[in-house]
2 protein chains.
Amino acid sequence: MGKKPLVKDQIREKQDELTAAERRLTATLLDDSLVAGLQSITKLAESAEVSTPTIIRLARKLGYQGFPDLQDAIREEIAAQMKEPLAKLETAELSAGKDHIISRFAEAVSRNINRSLERLDLEEFDKAAALLSDLNRRLYLLGGRITRSNAHYFFNHLQIIRPGVTQLDFSPSVWPQSLLDMDENSTLIVFDIRRYEKELERLAKLVVDQGANIVLFTDQWGSPIERYATFCFRSMVEVPSSWDSTLAINFLIEALVAEIQSRSDSADRIAALEDMIGESRIFRSN
Amino acid sequence: MGKKPLVKDQIREKQDELTAAERRLTATLLDDSLVAGLQSITKLAESAEVSTPTIIRLARKLGYQGFPDLQDAIREEIAAQMKEPLAKLETAELSAGKDHIISRFAEAVSRNINRSLERLDLEEFDKAAALLSDLNRRLYLLGGRITRSNAHYFFNHLQIIRPGVTQLDFSPSVWPQSLLDMDENSTLIVFDIRRYEKELERLAKLVVDQGANIVLFTDQWGSPIERYATFCFRSMVEVPSSWDSTLAINFLIEALVAEIQSRSDSADRIAALEDMIGESRIFRSN
DNA sequence: AGTATTCTGTAGATATTATTACAGTACGAT
DNA sequence: ATCGTACTGTAATAATATCTACAGAATACT
């Protein structure tokens with residue numbers, strides 16, 4: 001069985017060979033992500049302001065036997081879309097926005113988070129959260145050229161939630177100092193997406209040799225560090241940009257922060273911090 | 001007209017008063033985000049392995065006149081969901097995952113990005129992108145306690161794409177030095193979500209007084225800095241966590257990076273940078 | 001302008017679907 | 001065990017949808 005083409009695409013493709021009434025019809029359909037096509041042929045005819053035979057003729061032009069046949073295809077397509085955690089943008093940005101970067105970007109991001117979540121093993125997530133919540137373990141964070149921001153974001157939160165969290169400097173020259181401390185009671189959280197950085201891999205090896213665990217965040221292709229990692233989270237990163245998107249990675253970070261927070265009852269800790277911030281603010285303001 | 005309840009919720013609500021066959025039916029429906037309900041009553045009956053009258057009886061129990069009436073409701077509901085750029089997760093994580101943090105988080109994030117994009121004015125986005133692409137202007141970035149990571153992420157990319165980009169230190173004590181340079185040819189990109197930070201606001205005022213522009217990224221409620229900002233992007237940040245989610249903000253950052261990149265033809269610049277990185281890597285690796 | 005061609009809709013035939021009435025079945029209570 | 005109640009499906013009927021045939025309208029081409 002060959003893969004069926006999407007009705008949406010079929011319509012776009014044949015747009016040129018369509019007649020006026022048929023275009024009125026396809027406009028109504030596309031306007032609505034095809035949902036309008038799930039009504040009865042009569043109702044659809046009314047809302048598109050064409051006659052019912054026009055609808056049947058279109059269905060045949062697209063290669064279907066009749067209207068119910070087309071309807072089945074549409075229903076399947078919509079069902080497939082609904083299954084996705086985050087559906088494509090496509091029809092959302094109406095009028096001028098169709099080809100806007102925001103529109104294309106949203107579509108890609110949806111796909112990325114979708115696919116990333118599909119692959120995500122919830123048990124692994126929970127175990128990783130447990131590991132990172134363990135107050136007997138020290139945490140170290142490290143990112144690459146781009147992902148250092150993500151590492152920092154994670155660090156920023158972890159540091160507030162629990163003690164024993166250290167962010168490694170981006171410069172390898174100062175790593176050795178922290179490296180000394182990493183043992184079997186340590187966990188290194190490392191971010192490495194393409195282009196994978198040699199220095200990170202070398203550090204990972206050293207760290208594992210000293211008995212520490214590694215939690216890795218990488219892209220869909222997987223960093224070489226995977227072989228050293230106890231937990232590995234792959235996220236999709238491709239977007240219509242010269243740059244990769246770390247949004248799916250950020251999603252995981254934020255979800256982990258929420259989970260770790262709820263595991264380590266850190267209400268006291270945060271309250272204390274808030275106090276300190278409050279005081280220092282009073283101190284610094286006029 | 002009162003707002004109609006969602007079919008999905010109606011089903012869940014009445015779950016207790018449903019009979020065995022009816023439950024079989026609702027299981028089939030919910031399993032499929034209700035899409036199965038858009039088939040003919042006959043087909044639906046087959047796939048749920050109940051008789052057609054059972055379907056009608058369920059429709060009546062839910063308060064509809066008959067099957068077509070229920071179908072209309074379902075279609076509307078699905079149409080509404082399809083209109084959202086990013087649909088809710090809900091049904092996606094089947095099995096054990098329903099109440100998992102990942103599931104709830106994904107739903108919240110969908111809503112956040114959805115709403116944020118709905119509000120987003122594409123023209124404003126384009127104008128902001130143009131402003132940030134203007135090589136005659138210097139850019140300064142600054143974030144708050146949490147958002148400094150976002151600022152850093154943006155900085156990280158901007159710095160590669162174009163010259164004249166500076167990240168302000170998080171500590172207000174060293175601001176004055178950069179402040180001296182900010183004039184009508186400067187743009188300050190500032191991130192400020194709740195709890196809005198007084199220091200940022202004061203800086204914003206000073207900066208505007210000196211003639212610089214401000215591009216602000218804030219949350220749905222809006223930072224006090226809005227009054228000083230030339231461009232202001234509000235994003236939804238609430239998630240089931242003790243922390244706010246900056247994912248919608250990151251979305252904007254990444255989209256802006258893509259757009260700015262494509263405007264400022266920075267291929268040469270990046271190639272040069274890649275060279276430098278390559279060399280320094282060779283240098284550092286044995 | 002006239003003719004050929006294509007497009008589109010009307011109306012009725014056909015097929016399918018939704019509904020109803022009723023009967024059988026399962027199950028719990030007395 | 002028997003009765004009663006509630007559940008479920010079968011089969012016939014009513015309603016509706018789909019499709020076909022045909023004819024009028026629009027368009028393109030001499």
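So you know, we letter chains A, B, ... as the sequences are listed, proteins then strands, and number each from 1.
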Subject >> Rounded distance in Å - NZ (K61(A)) to P (dT6(C)) >> reply: 11 Å
Subject >> Which nucleotide in dA18(C), dT10(C), dT8(D) has an atom nearest any side-chain atom of A20(B) >> reply: dT8(D)
Subject >> Whole angstrom value for the distance that separates P of dA17(D) from CG of L70(A) >> reply: 17 Å
**OP:** Counting heavy atoms from C-beta on, name the nucleotide in dT8(D), dT20(C), dT17(C) closest to the side chain of K43(B).
**Re:** dT17(C)
Original post:
Quick one: is S51(B) getting a side-chain N or O under 4.0 Å of the dT8(D) phosphate, OP1 or OP2?
Top reply: no
Subject >> ring-ring contact (aromatic ring centres under 6.0 Å, His included) between H100(A) and F125(B), worked out >> reply: CA-CA 10 Å; H100(A) 195 277; F125(B) 178 91; 5.4 Å; yes
**OP:** Grab the two heavy atoms, one from L25(B) and one from A48(B), that are nearest each other, plus how far apart they are.
**Re:** CD1-CB, 3.9 Å
Subject >> Residue T42(B), side-chain atoms from C-beta onward, closest of dT17(C), dC19(D), dG9(D) >> reply: dT17(C)
Original post:
Is the number of heavy atoms from other residues, nucleotides or ligands under 6.0 Å of E49(A) CD greater than 12?
Top reply: no
**OP:** Send over the distance from Q65(A) CD to dT16(C) C1', rounded to a whole Å.
**Re:** 15 Å
Subject >> Whole-Å distance separating the CZ atom of R60(B) from the P atom of dT8(D) >> reply: 17 Å
Original post:
Would you say the side-chain atoms of Q71(B) and Y64(B) include a donor-acceptor pair closer than 3.5 Å?
Top reply: no
Subject >> Spacing of L25(B) atom CG relative to dT8(D) atom P, expressed in whole Å >> reply: 11 Å
**OP:** Could you tell me whether the phosphate oxygens of dG9(C), OP1 or OP2, come under 4.0 Å of any side-chain nitrogen or oxygen in T54(A)?
**Re:** yes
**OP:** Check the distance between dT18(D)'s P and D69(A)'s CG and give it to me in whole angstrom.
**Re:** 13 Å
**OP:** Check the angle between the aromatic planes of F217(B) and F191(B) and answer parallel, tilted or perpendicular using the 30° and 60° thresholds.
**Re:** parallel
Original post:
Given dT17(C), is OP1 or OP2 found less than 4.0 Å from the side-chain N or O atoms of S40(B)?
Top reply: yes
Original post:
Rounding to a whole Å, what distance do you find between L58(B):CG and dG9(D):C1'?
Top reply: 16 Å
Original post:
Nearest nucleotide by nearest heavy atom, which residue falls closer to the 5' end of DNA chain D, I41(A) or R57(A)?
Top reply: I41(A)
Subject >> Selected nucleotide, minimal atom distance to T19(A) side chain, candidates dC7(C), dT20(C), dG9(D) >> reply: dC7(C)
Subject >> Selected nucleotide, minimal atom distance to P53(B) side chain, candidates dG9(C), dT18(D), dA11(D) >> reply: dA11(D)
Original post:
The side chain of T52(A) lies closest to which of these nucleotides: dG9(C), dT19(C), dC19(D)?
Top reply: dC19(D)
**OP:** Provide, to the nearest angstrom, the distance between the CD atom belonging to E49(A) and the P atom belonging to dG9(C).
**Re:** 10 Å
